Student: 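Pasting in a structure now, in structure tokens, and then I'll have a few things to ask.
Note that the structure is predicted; figures quoted are calculated from it, not measured. Convention: sequence-line order gives letters A, B, ...; per-chain numbering from 1.
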Amino acid sequence: MTEALNPAQRQAVEHGPGPILVIAGAGTGKTRTLVCRLAYLMGRGVAPENILLLTFTRKAAEEMISRATSIVGDDTGRLTGGTFHSVANILLRRYARHLGYEPGFVISDRGDAEGIVNLLRSSLSLGGHGRRFPSRRMVINVISRAVNRCVPIGAVLEEQYSHLLEFQGDIESLARHYQAFKREHQLMDYDDLLVNFRDLLRDHPGPCREIRERFVHVLVDEYQDTNPVQAEIVRLIAVPGNNVMVVGDDAQSIYSFRGADFRNIIQFPDLFPGTVVVRLEENYRSTQNILDLGNAIIAHAGEGFKKRLFTSIGEGDKPLLHPLSNEAVQARYVAGEIKKLLDRGDSAAEIAVLFRSGFHSYKLEIELASLGIVFEKRGGMKLLESAHIKDVVSYFRLLINPHDSLSWNRLLLMLPKLGPKTAAKIVQAARDSDDPFSALEEYPAPASWGEGLRELVLLFQGIRGGAMTPAAVFGAVMEVYRPRLEILYADDYPRRLRDLEQLDILLGGYADIPSFLDDIALDPPEADGFADGAAGGSVILSTIHSAKGLEWDNVFVINLAEGRFPSTRSGFGPELEEERRLFYVAVTRARKRVFLTYPREVKGYGGFDGGGPSPFVTQLPHDVVRVAGLRPVPVYGGGDDFRVSSPTSAGGGFAVGDRVKHPFFALGTVIGKTGKSKVVVAFDRHGNKELHLDYARLERA
DNA sequence: TTCTAGCTATTTTTT
DNA sequence: ATAGCTAGAA
């Protein structure tokens with residue numbers, strides 16, 4: 001074994017038969033442990049095809065398998081690894097018929113789901129009569145949550161969406177029709193992949209036996225982010241031999257919004273009696289100062305496995321907290337610091353900027369670009385969410401599944417003079433026919449859009465039959481689509497054309513269309529050029545969710561401001577706790593340096609949207625961060641933001657000797673005045689600071 | 001039935 | 001700021 005292990009890791013790696021739960025704090029060598037476990041099993045003669053490795057991303061699985069392979073030798077291949085969804089996809093293709101599906105079913109994404117709900121809503125004429133019907137997005141969220149949590153829709157509404165309770169009947173009916181629509185059109189959404197996989201194992205003894213015989217050893221990474229359906233899948237596969245290892249950290253559970261329940265990991269020993277629990281607490285990633293910050297963040301959390309990370313790496317630099325006056329200044333500051341790091345010789349690949357939501361980095365992206373710093377953005381908008389990509393993908397989907405009404409609808413609506421009503425009629429005709437292509441050919445069309453329809457039919461006649469490579473199909477499709485693109489998106493079609501060129505390159509790597517379609521649904525490429533570290537390392541801008549499991553020397557966490565992080569959309573209690581864990585995940589990505597920033601004011605859609613330090617920041621003990629110089633920068637926008645200026649600054653101010661309270665610096669005494677609205681305060685635990693009363697939220701204590 | 005101009009609510013996070 | 005939606009014109 002080439003990778004060194006500590007005793008706890010070794011215990012996990014060399015565990016014999018039976019269930020084992022590994023509680024692995026951030027940076028404690030979780031991946032190394034899993035890799036060695038794989039290698040250990042293979043070294044003990046377990047055939048790779050008898051191992052199933054379930055991970056959070058496909059990339060993680062590939063990396064672990066290749067590292068394990070390099071330890072054991074060339075015993076590669078046959079090991080099955082990937083996300084729950086991708087493994088479910090593979091097995092469901094094989095056993096589809098047991099569930100009443102064809103093996104050629106198509107995976108539908110969120111956009112499809114919204115399209116279906118739209119169609120159904122109008123065909124069921126819901127929302128037409130008076131009341132404001134919940135948005136399709138909401139409807140999808142409710143349905144998905146009910147499925148993933150294995151609870152009825154009514155329960156989800158009561159628990160999370162009580163304001164939609166009056167629509168319960170309509171949503172339930174919509175949900176039933178949605179299920180029926182997917183079956184009729186050979187579609188499976190993300191939830192179906194899991195649920196159908198679970199049903200296959202639970203209700204179909206033949207396939208279940210084969211799958212169990214195949215996967216004698218099951219390993220699951222990031223178990224804290226599994227939902228009840230996934231937990232059931234693991235149980236159903238692993239239960240006869242109980243050779244199951246799950247690894248995770250309840251403190252890093254950040255996916256409850258898609259049904260994950262961190263209690264899964266806490267209850268694992270109950271599910272598998274005799275579970276051996278191993279805790280990994282020695283951190284090999286971060287300096288002690290960073291861990292102190294992480295421990296301080298998570299100290300406020302309620303239930304969970306108690307653990308305290310420690311390291312022998314050394315103290316390192318203290319995390320820096322830098323308040324900035326607004327987002328533009330924040331962006332300039334962060335870009336400037338990144339420049340300094342780069343000039344100093346740090347590798348771009350060792351710098352990451354993390355934030356709560358995709359759009360939080362817009363200003364920074366502009367700033368970095370103007371400094372000529374190359375970056376790669378993770379999370380946020382995906383390539384296939386853009387309209388032009390969906391357009392092109394629709395052609396491909398119809399080749400595989402000619403009954404895909406959604407795609408027909410999409411293509412037909414691109415034709416001028418052809419609107420939703422006509423499209424619906426044509427789609428109906430296509431659906432009722434055994435051969436939708438010839439149904440279209442025969443459809444009585446008026447001159448206005450008949451030409452467009454004929455063109456479409458002609459195109460499909462050319463590319464049908466499955467003899468062409470995906471790249472060749474793309475070429476033929478573009479002949480027809482390109483003129484349409486130029487009309488449809490007259491203002492910015494060159495940009496979209498560039499995306500399509502990227503798609504063309506991507507397609508070059510595929511031998512067949514079905515695997516291309518599966519991949520764009522299950523492993524979607526990112527929006528901006530989907531470079532995958534192309535430049536041999538660039539600065540990473542990422543949502544915290546997408547940064548899970550990764551690490552860098554230097555980590556910036558920006559927009560730690562009220563109203564941004566925690567997001568205003570998140571509520572109290574458990575939701576707030578999850579936001580806190582998110583903050584924990586963010587800072588524990590860092591090896592050497594952490595920079596925390598927040599703008600004192602944030603502009604939202606209309607006026608001001610919040611700003612000032614996040615409660616997570618103000619709750620930190622004073623000694624875990626170093627606060628950067630508090631020199632106020634002029635406020636832009638000015639105006640009537642009552643949250644930024646303290647009530648006292650308007651009414652005359654403070655006198656020397658007053659006891660005051662600051663949201664971050666806590667208690668102090670005013671020891672001097674240096675201007676008409678500036679005071680010097682001696683803080684009990686932070687020393688002297690000069691504060692501008694227009695900006696600092698200072699209160700009388 | 002389609003198109004368009006103006007209105008509105010909207011902004012987590014992802015397989 | 002923007003996309004998605006509604007109401008009214010063509």
Student: Less than 4.0 angstrom from a charged side-chain N to a carboxylate O is my criterion; do A/R93 and A/D518 meet it?
Tutor: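 Between A/D518 and A/R93 there is a salt bridge, with a charged N closer than 4.0 Å to a carboxylate O.
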Student: Roughly how many Å is it from CG in A/N118 to C1' in C/dC5, rounded to a whole number?
Tutor: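 It is 10 Å, rounded to the nearest whole Å.
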Student: From the list B/dT14, C/dG4, B/dT1, which nucleotide is the closest neighbour of the side chain of A/H545?
Tutor: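 Selected nucleotide (nearest to the side chain): B/dT14.
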Student: Once rounded to the nearest 0.5 Å, what's the spacing between atom CG of A/L576 and atom CZ of A/R581?
Tutor: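 One finds 10.0 Å between CG of A/L576 and CZ of A/R581.
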Student: Find the distance between CZ (A/R332) and CD1 (A/I366) and round it off to the nearest 0.5 Å.
Tutor: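 CD1 of A/I366 is found 12.0 Å from CZ of A/R332.
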Student: B/dT15, OP1 or OP2 - any side-chain N/O from A/S86 closer than 4.0 Å?
Tutor: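 No, no such contact exists.
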Student: Using the benzene-type ring in the case of Trp, are the ring centres of A/F56 and A/Y255 under 6.0 Å apart?
Tutor: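 Ring-ring flag for A/F56/A/Y255: true, centres closer than 6.0 Å.
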Student: Answer yes or no: is there a donor N or O on one side and an acceptor on the other, between the side chain of A/S614 and the main chain of A/F616, under 3.5 Å?
Tutor: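 Judged by distance alone, yes, a pair lies under 3.5 Å.
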Student: Rounding to the closest angstrom, what is the interatomic distance between C/dT6 and B/dT11 at atom C1'?
Tutor: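 That atom pair is separated by 22 Å.
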Student: On DNA chain B, nearest-nucleotide positions of A/E575 versus A/P416: which is more 5'?
Tutor: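 Looking at DNA chain B, the more 5' nearest nucleotide goes with A/P416.
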Student: Do any side-chain nitrogens or oxygens of A/K425 fall under 4.0 Å of OP1 or OP2 in B/dT1?
Tutor: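 Checking A/K425 against B/dT1: at least one side-chain N or O falls below 4.0 Å of OP1 or OP2.
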Student: Indicate whether A/F257 forms a stack on B/dT14; treat it as stacked only if centroid distance is below 5.5 angstrom and interplanar angle below 30 degrees.
Tutor: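 No; centroid distance or tilt outside limits.
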Student: Can you tell me how far P of B/dC3 sits from NZ of A/K417, to the nearest Å?
Tutor: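 Atom-to-atom, A/K417 to B/dC3, this comes out as 6 Å.
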Student: Between atom CG in A/L193 and atom C1' in B/dT15, what is the gap in whole Å?
Tutor: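 These atoms are roughly 9 Å apart.
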Student: Show the distances under 3.5 angstrom between N or O atoms of the protein and N or O atoms of nucleotides 4-8 of chain B.
Tutor:
none

Student: With the side chain of A/R136 defined as its heavy atoms from C-beta on, choose the nearest nucleotide among B/dT15, B/dT14, C/dG4.
Tutor: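 Ranking B/dT15, B/dT14, C/dG4 by closest atom to the A/R136 side chain puts C/dG4 first.
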Student: Starting at the 5' end of DNA chain B and moving along, which residue's nearest nucleotide shows up first, A/L418 or A/R258?
Tutor: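 In this pair, the answer is A/L418.
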Student: Say you draw a straight line from OG of A/S108 to CG of A/N401; how long is it, rounded to the nearest 0.5 Å?
Tutor: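 Result: 11.0 Å between the selected atoms.
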